[in-house]
Amino acid sequence: EQVVSDLLVDPTTRGTNDVVHKVTAVGSRSVAKAQKFIDDFVNGDKTVKAYGTYDEVYADKNVDAIYIGTPHTYHYTNALDALKAKKHVLCEKPVTCNAAELRSLIATAKENGVFFMEALWTRFQPLAKEVKELIDSGTLGLPVVVHADFSVDFGIEKLPLTHRMLDPKLGGGAILDLGPYPLIWTILALYEHPANKRTKPSNVTGTMYKTPITGVDCNTSYIVTFSPNSSTGSTLAAQAVLSCSMNVASHNPGVTIRFEKGTIMIDAPVPCPLRYTVQYFQEGKPGEIAREDTRTFEYVGSGWHFQADEVARCVRDGKLESELWSHDKSILEMEVFDEVRRQGGYKFPDGIEKVLL
Ligand SMILES: NC(=O)C1=CN([C@@H]2O[C@H](COP(=O)(O)OP(=O)(O)OC[C@H]3O[C@@H](n4cnc5c(N)ncnc54)[C@H](OP(=O)(O)O)[C@@H]3O)[C@@H](O)[C@H]2O)C=CC1
Ligand SMILES: O=C1OC[C@@H](O)[C@H](O)[C@H]1O
């Protein structure tokens with residue numbers, strides 16, 4: 001609902017003059033539900049087709065790209081079907097249940113010559129792009145520690161057991177749903193850092209508190225360490241201390257990136273922040289603040305349209321993956337989650353993972 005509402009926002013309001021979006025068809029397991037969605041979220045546009053199966057959307061010749069917004073454990077099958085039908089795909093986060101499923105989707109996308117991207121919308125926020133430039137400029141020196149949390153109080157005691165946050169068959173729990181956001185800031189600040197040379201973390205540790213309601217993770221903490229590596233040429237030594245919870249609200253700052261010469265603090269909500277502050281340390285006096293700058297952002301819509309612009313540009317330019325949120329970053333994310341789930345003892349019920357290692 002939110003993604004489609006954003007697709008209808010005039011792109012020029014965000015300075016996008018080279019691409020536009022058109023909702024062509026809506027697929028649901030019920031045609032009446034698809035039509036209601038069009039009535040409610042596409043202004044009842046009569047040119048938009050309502051389909052009672054997802055396969056009919058994949059078969060529609062007028063559809064160029066598919067956005068997949070089903071629960072996590074359906075992403076693999078839905079994306080696979082769309083890619084095999086040679087449609088470009090933007091698939092919600094977490095892109096799959098595990099890294100093996102993701103590798104299989106990437107291979108299928110390549111075989112079929114179509115674009116594929118996880119809908120990690122945070123990476124395309126104007127604030128994220130600006131923070132990335134500041135980090136890479138080296139003004140603050142090297143990053144040393146990232147602290148990031150994303151939490152939402154879902155009121156889990158009152159949710160039905162079949163809710164996607166609680167049901168293990170739908171990949172319920174905090175790590176897969178909320179965990180991508182602390183990690184995306186880590187990937188932006190550390191994995192993508194020029195000094196890291198795209199080197200994978202040297203260590204990942206995680207611990208979970210699982211709710212007795214259904215046994216999925218309610219609170220998860222995870223630490224991701226990057227170490228210098230002579231075989232890749234990485235000189236970065238940095239650590240990210242991350243957490244996510246589904247029974248408490250977020251707090252500020254949602255993300256803190258601590259550098260040799262200063263600190264970046266990013267306000268919640270960390271998926272789509274609109275304000276950050278930079279503290280610059282005094283020359284030769286780490287920790288003593290010489291200057292502080294706060295930057296604020298605003299745009300029309302809720303922020304999901306920036307990733308849609310990226311998809312449109314990549315498809316227009318014949319690219320099979322985005323440079324900003326490339327396949328290797330999603331693979332890293334899913335590998336971290338696999339490891340955190342392994343250490344936390346969170347196993348999906350049999351048959352949920354369609355591809356295993
Ligand atoms: N980027 C972001 O900020 C956000 C991303 N998400 C992601 O989007 C995905 C969907 O989340 P959300 O919209 O809250 O999920 P919902 O539980 O609301 O499900 C979305 C739709 O998926 C379809 N669906 C297909 N199979 C099933 C099934 N077995 N059980 C339930 N629904 C099914 C249903 O559509 P139908 O009946 O019409 O076929 C349903 O309306 C998740 O992966 C989540 O991580 C969610 C919220 C925010
Ligand atoms: O991506 C998300 O961000 C907001 C949360 O409320 C939601 O559960 C999650 O999927």
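In this chain, numbering begins with 1 at the start of the sequence shown. Whatever order the structure lists them in is the order used to number ligands and atoms, beginning at 1. Keep in mind the model is a prediction, meaning the values are calculated, not measured.
- Using a 4.0 Å cut-off between heavy atoms, Lys33 contacts ligand 1 through its side chain alone, with no backbone atom that close.
- Any N or O atom pair closer than 3.5 Å counts here, and His72 shares at least one such pair with ligand 1.
- For atom 25 (C) of ligand 1, the nearest non-hydrogen atom from the set Trp121, Tyr74, Tyr54, Phe37 comes from Tyr54.
- Residue pairs meeting the ring-ring contact (aromatic ring centres under 6.0 Å, His included) criterion with at least one member in residues 338-357, sequence neighbours excluded: Tyr346-Phe348.
- Looking at Glu118, Lys93, Glu1, His163 and measuring to atom 45 (O) of ligand 1, the nearest heavy atom belongs to Lys93.
- The distance from the OG1 atom of Thr296 to the CG atom of Leu274 is 8.5 Å, given to the nearest 0.5 Å.
- For residues 15-37, the set of pairs meeting the ring-ring contact (aromatic ring centres under 6.0 Å, His included) definition, not counting sequence neighbours, comprises Phe37-Phe41.
- If you check each of Arg164, Met165, Lys36 against atom 46 (C) of ligand 1, the one with the closest non-hydrogen atom is Arg164.
- Each of the atoms 43 (O) of ligand 1 lies under 4.0 Å from some heavy atom of His75.
- Against a heavy-atom cut-off of under 4.0 Å, Thr70 is close to the following atoms of ligand 1: 9 (C), 10 (C), 22 (O), 23 (C), 25 (C), 42 (C), 43 (O).
- In the model, Ser243 has no side-chain atom that pairs as donor or acceptor with a side-chain atom of Ser221 under 3.5 Å.
- Short contacts between ligand 1 and Tyr181, defined as distances under 4.0 Å to a heavy atom of the residue, involve ligand atoms 1 (N), 2 (C), 3 (O).
- Applying the side-chain hydrogen bond (donor to acceptor under 3.5 Å, both in side chains) rule to Lys200 yields the partners Glu335; only residues at least two apart in sequence or on another chain are considered.
- Close approach of ligand 1 to Ser28 is summarised as follows: ligand atoms under 4.0 Å from at least one heavy atom of the residue are 36 (P), 37 (O), 38 (O), 39 (O).
- Checking atom 18 (O) of ligand 1 against the protein gives no heavy-atom contact under 4.0 Å.
- Note on Glu192 versus Lys329: salt bridge recorded, some NZ/NE/NH1/NH2 to OD/OE distance being below 4.0 Å.
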Below 3.5 Å only, please: the N or O atoms of ligand 2 paired with protein N or O atoms, distance on each line.
{"unit_1": "ligand 2", "atom_1": "1 (O)", "unit_2": "Lys93", "atom_2": "NZ", "d": "2.8"}
{"unit_1": "ligand 2", "atom_1": "1 (O)", "unit_2": "Tyr181", "atom_2": "OH", "d": "2.6"}
{"unit_1": "ligand 2", "atom_1": "8 (O)", "unit_2": "Arg164", "atom_2": "NH2", "d": "3.3"}
{"unit_1": "ligand 2", "atom_1": "8 (O)", "unit_2": "Asp177", "atom_2": "OD2", "d": "2.6"}
{"unit_1": "ligand 2", "atom_1": "10 (O)", "unit_2": "Lys93", "atom_2": "NZ", "d": "2.8"}
{"unit_1": "ligand 2", "atom_1": "10 (O)", "unit_2": "Arg164", "atom_2": "NH2", "d": "3.3"}
{"unit_1": "ligand 2", "atom_1": "10 (O)", "unit_2": "Asp177", "atom_2": "OD1", "d": "2.7"}
{"unit_1": "ligand 2", "atom_1": "10 (O)", "unit_2": "Asp177", "atom_2": "OD2", "d": "3.2"}

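- Remark: Lys49 NZ is loosely packed, at most 12 non-hydrogen atoms of other residues, nucleotides or ligands lying under 6.0 Å away.
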